[in-house]
Amino acid sequence: MTATAIEATGLGLAYGKRGRRALHDCSFRIPAGRVCALAGPNGAGKSTLLALAAGLLRPTEGALRVLGGTPSDARARSAYVAQDKPLYPQLTVRETLRVGRELNPGRWDATAAERIVEEGGGLDPRARIRSLSGGQRTRVALALALGKRPGLMLLDEPMADLDPLARHRLMAALMTEAADHGTTIVISSHILSELETTCDYVLLVDGGRVRLAGETEDLIAAHTLLTGPVADLPGHTVVESRTTGRQLTALVRGSRAIGGGWRTARPSLEELLMAHLRSPDAPPLLTPGAEVAA
Amino acid sequence: MSAPTARGTTWVTLRQHRTALWAALFLLIAASVVMTGVRWWEAAASDRAFCLDVTQSERCGTGPWGHASAMEMLRLTGMYGSVALLLLPLVAAAFVAGPLIAREFQSGTWRLALTQSVTPVRWFTTKLAVAAVVVLCGTVALVLAYRAAWDPVAGTHDLGWPDRGVFEATGPVLVAYGLLAVAVGGLVGQWIRRTLPAMSAAGLVTGTVMLVLGSLRWQWIPVKTLTGPFPSDPLRLAPEAFLTESGFLTADGGRLPHDACWQRTHDLGDCPADLNITGRFADYHPYAHYWQTQLVETGIVLALAAVAAYAAIRIFRRRHA
């Protein structure tokens, strides 16, 4: 089995003594070197999961191991970009990068950080953070994360403030980083379509639980999209089925050939995720690589 | 403050609060210049020798730049200065609790700071250490400057060594209260994670400690007692002595308040025979108790500061390490 970037066992977190449970009984594994999409609707627990992995929150149940140790042990080797991109508003861009250098002695890669800031141009190093647009702040926050030369990047909705072009550029920069240094990237988003082309691993959380986990290819291959006449589908685990007139469209588990006038198709990642989100009762599926070794 | 040699968490802390540090430095210099400047004026006044010599007081001028004006300015400086220095620990506590710590939580920047390679405890203790050094240097300088301004008018009305404000502003207790303020700020700031409430609470806690210790401080060193026979003239204490209580002694060794006779006869010296008064007493602190009380109170406050700092770091470690 390959090295593990993140491994959760029965992980849960409740806010307050008997408060809302943001995560409950999550067990999954993300192998090292993957670009993992953390998908799920708003409030699913994506941000909580990333903050736990970054060591900012403590689990109230279960355990979480990051890069082979506790999240605190992995602090120097992991980078985290929070959804609201917290930065010191009174500092300039250059000073903010210096913060990265001063707080990561021996690790800081100024070139990598500056490349992200300079990419696409237009970011004055003397500009104060408070004067930047949301997208520019995102670039500075990502530069801080990349300058750390992390083995694991935890990015919480990093692209929300970016226009499509900047989004494309930054994704490319992240993919280069992942390819060149074997960095594991966990990137949360509720925009499902943007994940499909870039991510080779998927973790779907919904209602504080893991619904799907595993290699994108394997998860897609484990499902079949069926279209045909309205009829029962015995022997299949049906994730979701919809009827339009006399025609039935269903997403089922398994890839066995089906007779009887069914047309089969390979679902897209977005179709797969949407079907699961629309069907909260569908059983969770973890590919063998995503299962936690007992 | 550019602090070219600062590194790591120290550089980050100094850079974050550069404006506040410059403002504090400016105020420190301004206050020191005012206090030492007025003292210099007093020392340099051309009629100083006449004003200090009772036999030549007719030659002591009343001009705007004369010695008498300088003394009046020294008194004003001493009065307002003592109030300002009394408030200094409250301001320090509010700054540490609010802008230094709670604001990181309120604005979310703590998540940036605590996901870098340095440990959270290192980040937190650096903040407290930087604040402690600033407060230490600032209060030492201000106490020295205040003493310079206070010296010629020491013992005049409301500017005696036991007076509240003057006592704090003239000795090491102020430095200790400043350090306590930093520790209290560290404790409150991470507990109440919003800037303004944390500032108020930290100032309130520090002020309460100062108020409580200030009302207890003259009980730590036992008073000396002067006794004398009755009837006779009232007892005479050294002019710098701090009288805490006086009254009459009775034949059976009991004490009566100083107005016991007046209550009956409306004459302080005319005491009814049935009171059996045989003498007078006066409880007082000699000036020597000033330094003893300063040292005892400094010790108590530093111990409280150490406990608060230890608790603050321990709680932070438990929550974030």
Side-chain angles (χ1 to χ4, degrees), chain A residues 47 50-58 66 70-92 94-109 128-130 137 140-145 147-156, chain B residues 1-23 95 98-127 129-130 190-191 193-195 313-321:
Chain A
S47 294
L50 289 174
L52 281 165
L56 292 173
L57 296 173
R58 298 273 177 83
V66 175
T70 66
S72 300
D73 296 337
R75 183 176 285 118
R77 290 171 292 140
S78 65
Y80 169 71
V81 176
Q83 193 168 359
D84 55 340
K85 321 292 182 305
L87 295 168
Y88 296 113
Q90 73 271 35
L91 268 58
T92 64
R94 183 182 288 141
E95 286 167 337
T96 301
L97 294 187
R98 172 134 186 226
V99 167
R101 189 179 97 203
E102 298 291 350
L103 296 184
N104 298 285
R107 291 195 68 86
W108 186 249
D109 184 342
R128 299 214 179 259
I129 297 296
R130 70 161 65 88
R137 285 172 58 101
V140 177
L142 281 170
L144 267 183
K148 237 181 135 179
R149 267 287 123 79
L152 170 66
M153 293 189 83
L154 304 160
L155 310 176
D156 197 356
Chain B
M1 216 158 291
S2 55
T5 55
R7 281 278 164 269
T9 45
T10 311
W11 181 86
V12 175
T13 304
L14 290 175
R15 176 58 195 90
Q16 269 184 273
H17 301 285
R18 189 168 66 180
T19 313
L21 280 167
W22 278 119
F95 184 83
L100 197 66
I101 293 170
R103 183 186 291 163
E104 296 265 7
F105 289 106
Q106 188 173 10
S107 67
T109 44
W110 69 284
R111 290 170 298 159
L112 175 72
L114 295 195
T115 49
Q116 307 302 317
S117 301
V118 297
T119 64
V121 170
R122 172 79 179 278
W123 176 77
F124 183 70
T125 50
T126 301
K127 280 177 176 286
V130 167
Q190 63 172 319
W191 181 41
R193 297 175 163 209
R194 288 182 304 130
T195 310
I313 293 169
R314 212 184 143 81
I315 291 170
F316 193 86
R317 187 194 305 273
R318 190 175 300 166
R319 278 192 187 171
H320 300 289

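Protein chains get the first letters and strands the later ones, always in sequence-line order, with residue 1 at the start of each.
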Identify, with sequence neighbours excluded, every residue that meets side chain to side chain contact (heavy atoms under 4.5 Å, CB included) alongside B:Arg318.
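Checked B:Arg318 against side chain to side chain contact (heavy atoms under 4.5 Å, CB included); matches are B:Arg314.
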
Between [Y] and [X], is there a side-chain heavy-atom distance shorter than 4.5 Å?
| X | Y | value |
| --- | --- | --- |
| B:Thr109 | A:Leu87 | no |
| B:Ser117 | A:Arg75 | no |
| B:Val118 | A:Pro105 | yes |

Atom [atom1] in [X], atom [atom2] in [Y]: separation rounded to 0.5 Å?
| X | Y | atom1 | atom2 | result |
| --- | --- | --- | --- | --- |
| B:Trp123 | A:Leu103 | CH2 | CG | 10.0 Å |
| A:Glu95 | B:Arg18 | CD | CZ | 5.5 Å |
| A:Tyr80 | B:Leu112 | OH | CG | 10.5 Å |
| A:Glu102 | B:Leu14 | CD | CG | 10.5 Å |

Go through it in stages, so that I can follow the logic: the residues are A:Tyr88 and B:Glu104, the test is side-chain contact (heavy atoms from CB on, under 4.5 Å), and I'd like the CA-CA distance, side-chain angles, deciding distance and then a yes or no.
CA-CA 9 Å; A:Tyr88 296 113; B:Glu104 296 265 7; 2.8 Å; yes

Has the side chain of A:Gln90 got a donor or acceptor atom that lies under 3.5 Å from a matching backbone atom of B:Gln16?
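Side chain of A:Gln90 to backbone of B:Gln16, a donor-acceptor pair under 3.5 Å: yes, one is there.
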
Only pairs of heavy atoms separated by less than 4.5 Å count here; which of B:Val12, B:Thr10, B:Thr9 has the most with chain A?
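Counting heavy-atom pairs under 4.5 Å, the top option is B:Val12.
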
Apply side-chain contact (heavy atoms from CB on, under 4.5 Å) to residues B:Arg15 and A:Leu91 and explain how you reach the verdict.
CA-CA 8 Å; B:Arg15 176 58 195 90; A:Leu91 268 58; 4.1 Å; yes

Taking all non-hydrogen atoms of both residues into account, name the closest pair between B:Ser107 and A:Pro86 and its distance.
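Nearest pair, atom of B:Ser107 first, then A:Pro86: O-CB, 4.5 Å.
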
Pairs where residues 106-122 of chain B contributes a residue and the test salt bridge (charged side-chain N to carboxylate O under 4.0 Å, His left out) is met, not counting sequence neighbours
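Listed by first then second residue: A:Asp84-B:Arg111.
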
So what's closer than 4.5 Å to chain B heavy atoms on A:Thr70: side chain, backbone, both or neither?
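For A:Thr70, no heavy atom lies under 4.5 Å from chain B.
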
